[in-house]
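Please read the structure below before turning to the comments.
The model shown is predicted, which means the values in this text are computed figures rather than measured ones.
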Amino acid sequence: MSKFNFKKNKPTPEVSTASLPDIVFMLLFFFMTVTVMKDDSLKVSNDLPNASEIKKLEKKDRLITVYIGTPSERFQGSLGTEPRIQIDDKFIAIENFGAAILEKIEAKPAQIQSFVTVSLKVDKTASMGLITDVKKELRKINALKINYTTFEGDSFNNLSN
């Protein structure tokens with residue numbers, strides 16, 4: 001009376017793995033295109049201070065990162081222990097700082113050149129005199145958007161060091 005006949009001994013079909021290499025290569029290409037490699041190798045000590053009021057920057061393509069701190073141990077023999085300025089992988093003297101920043105701004109696309117922000121990653125132990133000199137050079141070239149990169153935390157912890 002039943003219209004359907006079920007075969008209980010029928011084996012289940014195997015899963016086809018023919019498309020597996022395509023899926024693997026598609027994932028590989030996806031991760032290769034989305035992964036961002038680190039551009040700079042840090043040549044200065046960069047123990048960032050803490051701050052309680054922080055805000056995350058959204059558009060990283062508009063940043064020029066400047067590191068300020070004492071040279072790492074392998075560079076102290078030739079450069080000494082005074083705080084230095086590093087842009088990309090090069091040490092920059094304060095006299096050449098403005099020209100180097102202008103060069104970095106001009107390397108950006110024309111439509112975002114007026115929106116460029118200079119991000120200062122300054123070591124806790126760097127002298128305020130050097131930071132003031134950097135800010136004066138930025139004023140001379142009319143780069144007035146400045147960001148100080150910090151860690152989130154209690155700012156009173158900065159006083160103990």
Legend entry - Leu48-Val66 co-clustered via ILVMFWY side chain contacts under 4.5 Å: no

Legend entry - Flag for Ser119-Thr65: side-chain donor and acceptor within less than 3.5 Å: no

Inset, instruction - For residues Pro71 and Arg84, report the shortest heavy-atom separation together with the two atoms involved. - result: CG-CG, 3.6 Å

Let me have the donor-acceptor pairs involving side chains of residues 52-63, under 3.5 Å, with sequence neighbours excluded, atom names and distances please.
none

Legend entry - Common cluster, Val34/Leu27, ILVMFWY with side-chain heavy-atom separation under 4.5 Å: yes

Inset, instruction - Answer yes if the side chains of Thr81 and Thr70 hold a donor-acceptor pair under 3.5 Å, and no otherwise. - result: no

Legend entry - Same apolar cluster (I L V M F W Y, side chains within < 4.5 Å links), Met128/Leu138: yes

Inset, instruction - Looking only at non-hydrogen atoms, find the nearest pair between Gln113 and Glu106 and report the distance. - result: NE2-O, 3.3 Å

Legend entry - Least distance between heavy atoms, Asn50 atom then Glu152 atom: OD1-O, 4.4 Å

Inset, instruction - Over all heavy atoms of both residues, which pair between Ser127 and Pro83 is shortest? Give the atoms and the distance, please. - result: N-CG, 4.3 Å

Legend entry - Asp123 side-chain N/O to Asp47 backbone N/O, donor-acceptor pair under 3.5 Å: yes

Legend entry - ILVMFWY network linking Val134 to Tyr148, side-chain heavy atoms under 4.5 angstrom: yes

Legend entry - Within 6.0 angstrom of Gln76 CD, more than 12 heavy atoms from elsewhere: yes

Legend entry - Separation of Ser45 OG from Tyr67 OH (nearest 0.5 Å): 13.0 Å

Legend entry - Over 12 non-hydrogen atoms of neighbours within 6.0 angstrom of NZ in Lys135: no

Legend entry - Taking every non-hydrogen atom, the tightest pair across Thr150 and Ala51: OG1-CB, 3.5 Å

Inset, instruction - Compare all side-chain heavy atoms of Ile64 with those of Ile105 and state whether any distance is below 4.5 angstrom. - result: yes

Inset, instruction - Answer yes or no: are there more than 12 heavy-atom neighbours, outside Lys136 itself, under 6.0 Å from its atom NZ? - result: no

Inset, instruction - Spell out, as yes or no, whether a donor-acceptor pair under 3.5 Å connects the side chain of Thr33 to the backbone of Phe30. - result: yes

Legend entry - Close side-chain approach of Thr149 and Leu120, heavy atoms under 4.5 Å: no

Legend entry - For Ala126 against Ile68, the heavy-atom pair lying closest together: CB-CG2, 4.1 Å

Exercise answer: donor-acceptor pairs, residues 94-104 side-chain atoms, under 3.5 Å, sequence neighbours excluded:
from, atom 1, to, atom 2, distance (Å)
Lys104, NZ, Asp88, OD1, 3.1
Lys104, NZ, Asp88, OD2, 2.9

Legend entry - Sub-4.5 Å side-chain heavy-atom contact between Asp22 and Met26: no

Legend entry - Side chains of Val24 and Pro21 in contact at under 4.5 Å (non-hydrogen atoms): no

Legend entry - Backbone N/O of Lys43 and side chain of Gln86: donor-acceptor pair under 3.5 Å: yes

Inset, instruction - Would you check if Leu130 and Ile85 make a side-chain contact, meaning some heavy-atom pair closer than 4.5 Å? - result: yes

